[in-house]
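A quick write-up on the structure given underneath.
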Amino acid sequence: MDKNSNAYTFIFAVGMVIVVAVVLSFLATSLKPMQDKNVKQEKMQNILNTFVGDSLLVDGKKVLLTRELASEKFDQYIVNQYALNHKGENVDGKEAFNIKLANEIKKPVEEQVFPLYEANYEGTNYYVIPLRGSGLWDAIWGYVALKEDLNTIEGVIFDHKGETAGLGAEITTDWFQESFEEEKIKNDQGDIVGVEVKKGYSGGKDKSDNQVNAISGATITGDGVTKMMKERLTKYKPFFQKKKNSKLAIR
Amino acid sequence: MSEQKKDIKTKEEKKKEEMIFFLSKSEEKEAFLSKANRKLLTDPLDDNNPITVQVLGICSALAITVQLKPAIVMTVAVIFVMAMGNVVISLLRNLIPNRIRIIVQLVVVASLVIVVDQVLKAFLYDVSKQLSIFIGLIITNCIIMGRLEAFALGNKPWKSFLDGVGNAAGYGVILIIVAFFRELLGSGKLLGFEVLGHKGLTLADSTGLYALGYENNGFFLLSPMALIVVGLVIWYQRSRNRKLIEEN
C-alpha cells in the first residue's frame with residue numbers, strides 16, 4: 001500500500017487512536033482504586049491538619065501526620081459528622097465525608113447539603129468546615145477549624161488546582177495559613193464576615209479585625225479566598241445559632 | 001558436468017562465506033555498546049548537553065529545581081518518556097505516514113506522559129502533587145519532540161533507545177546539579193534532611209552552621225537563581241571543555 005495515500009494515512013490514524021485508547025483506559029481503570037485511596041487519605045489528613053497541626057503526639061512522641069497515620073486516627077478524633085441543610089438541620093442518609101462540595105455549590109442554597117465535622121483532640125472540641133471557591137485559574141478549596149466558641153479560627157488548610165506557582169499557589173504555604181490562626185470570623189456586631197485577605201494590610205498581628213495580609217502578586221487568588229470563606233461560613237449561621245441556643249439551654 | 005558442479009558448489013560456498021562475513025560484520029556493528037553507541041549515550045551528558053549546550057528545556061529546569069527530590073523524579077520520568085518514545089517511534093518509523101508524523105509523535109509522547117502521571121498518582125501521590133502540572137508539561141518539553149523528529153525517525157530502536165536515555169540523562173544531570181545547590185543554599189536541606197544543622201527560633205536553639213549565625217539564602221528558592229546556577233554550570237563546563245567555546 002502506498003504510504004503516502006490518503007487511505008493509508010487514514011487507516012494508520014484510526015488504528016493508532018484505538019490502540020492508544022485501549023491501553024490508556026485499561027491503565028486508568030486498574031490504577032483507579034489506589035488513586036482514590038490516596039485522595040481519600042489526603043482529605044482526612046487535611047481535615048486533621050486544621051486542628052492537630054503537622055504532627056501529633058503518639059505515645060508521648062511527636063509523629064509527622066502522614067496520610068496513612070491520618071486515615072488511622074481519623075475516626076478517633078472526628079467524633080461527629082453532620083450533613084446539614086440550609087436550616088442547620090442534620091439530613092439523614094448522607095455522610096459528610098462523602099459529600100462532594102464541588103457539586104453541592106452548583107445547586108440552589110435550599111437543595112445544598114453542608115458538611116461539618118465535629119472533632120475532639122486532647123479534650124478540646126473543634127468544628128471543621130470544608131471550603132470551596134475559585135481562584136484565578138481554577139478551583140481553590142480548604143478546611144477551617146473553629147474553636148468551641150464557633151468564632152475563633154484554630155487553623156486552616158488551603159489547596160488549589162492550578163494557581164500560579166510562587167504567586168497564587170502560595171496559599172498552601174505555612175506562613176499564609178498560620179496568619180489565619182486566632183482570627184475571628186464574626187465582626188463586632190456578631191455577623192459572620194469571614195476573614196478578608198487584605199492587600200497592603202497594616203494591622204500586624206491584630207486578631208480582631210477579620211483581616212490578614214495578602215500575598216503580593218496574588219490579588220485574585222486572595223480575593224477568591226476572602227469570598228470563599230465568607231460565602232461558605234455564612235451558610236452555617238443557622239447551625240451556629242442552634243449550637244448557641246442549646247448551650248444556653250444546658251446552662 | 002562434474003567441473004560445473006564444483007563450480008556451483010564453490011559459488012554457493014562463496015556466497016555462504018560472504019553471508020557469514022556480512023553477518024558477523026553487521027553483528028559487530030550491532031554490538032550493544034559499541035563505540036558509536038556509547039557516544040550516543042555520553043555525548044548529551046557533556047559535549048551536546050540539551051540544557052547547557054543546546055539551551056532546550058530551560059522552562060522545566062527553572063520550575064522544578066527548588067528541591068532535589070522532584071528534580072530526581074522528573075529526571076526519571078523524562079528518561080522513561082524519552083527512551084520509550086524514541087523506541088516506539090523508531091519501531092514505527094517505516095509505518096508512519098509522513099504527512100501526520102508530528103501528530104503521531106505527539107500522541108505517543110502524550111500517552112506515555114499520561115502513563116507516568118497515572119502511575120505517580122497511584123504510587124507516589126505526594127510527588128505527583130508536587131510535580132502536578134510539570135508532568136503534563138513533559139509533553140511540551142522541546143528536547144523530547146526534537147529527539148523523536150531528529151533521531152528516532154531515522155534510526156533503529158536500540159540506537160534510539162540509547163539516544164533517548166542519553167539526552168534525558170543529560171537533561172537530568174543539569175536538573176539535579178541545579179536542584180542540589182538550590183535546596184542546599186536555599187533551605188539548608190538535601191532531599192529534606194537538614195544537612196547544615198537545625199535552625200531554631202534563636203541562636204541557642206540552633207545546631208550546626210546555624211548556631212554560628214548562618215542564614216539560608218531565600219533568593220535561591222526563586223526561579224531567577226535557577227537561571228544563574230545554570231549559567232554558572234555552563235561557565236564551568238566551557239572552562240573545562242574547550243570544544244564548546246564559540247569563536248567570535
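So that the names make sense, note that chain A is the first sequence line, chain B the second, and so on, each numbered from 1. Both backbone and side-chain heavy atoms feed into the values below; hydrogens, waters and symmetry mates do not.
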**Prompt:** What part of B:Leu95 gets closer than 4.5 Å to chain A, counting heavy atoms only: side chain, backbone, both or neither?
**Reply:** both
**Asked** Is chain A contacted by the side chain of B:Val119, its backbone, both, or neither, given a heavy-atom distance below 4.5 Å?
**Response** both
**For A:Ala13 against B:Ile100, the heavy-atom pair lying closest together** = CB-CD1, 4.2 Å
**Asked** Side chain, backbone, both or neither: which part of B:Val115 has a non-hydrogen atom closer than 4.5 Å to chain A?
**Response** both
**Prompt:** Are more than 12 heavy atoms from other residues, nucleotides or ligands located less than 6.0 Å from atom CZ of B:Phe181?
**Reply:** no
**Prompt:** Rounded to the nearest 0.5 Å, how far apart are OG1 of A:Thr9 and CD1 of B:Ile96?
**Reply:** 11.5 Å
**Fill in**
Interatomic distance, CG@A:Asn6 vs CZ@B:Arg99, rounded to 0.5 Å, equals 5.0 Å
**Message:** Quick check: closest heavy atoms across A:Leu24 and B:Ser111, and the distance to 0.1 Å?
**Reply:** CD2-O, 3.7 Å
**Item:** Pairs of heavy atoms under 4.5 Å with chain A: top-ranked of B:Val66, B:Val108, B:Asp126
**Value:** B:Asp126
**Prompt:** With a cut-off of 6.0 Å (strictly less than), are more than 12 heavy atoms of other residues, nucleotides or ligands near CG of B:Leu124?
**Reply:** yes
**Message:** Please classify the contact between A:Leu31 and chain B as side chain, backbone, both or neither, with a heavy-atom cut-off of under 4.5 Å.
**Reply:** both
**Request:** Identify the residues of residues 34-43 of chain A whose heavy atoms come closer than 4.5 Å to a heavy atom of chain B, ordered by number, or report 'none'.
**Result:** A:Met34, A:Gln35, A:Asn38, A:Val39, A:Glu42
**Atom pair CG/CE of B:Leu92 and A:Met16 - distance to nearest 0.5 Å** = 9.5 Å
**Asked** Quick check: are there more than 12 heavy atoms from other residues, nucleotides or ligands sitting under 6.0 Å from OH of B:Tyr236?
**Response** no
**Message:** So for B:Val104, is it side chain, backbone, both, or neither that comes closer than 4.5 Å to the heavy atoms of chain A?
**Reply:** both
**Prompt:** Is the NZ atom of A:Lys147 crowded by more than 12 outside heavy atoms at less than 6.0 Å?
**Reply:** yes
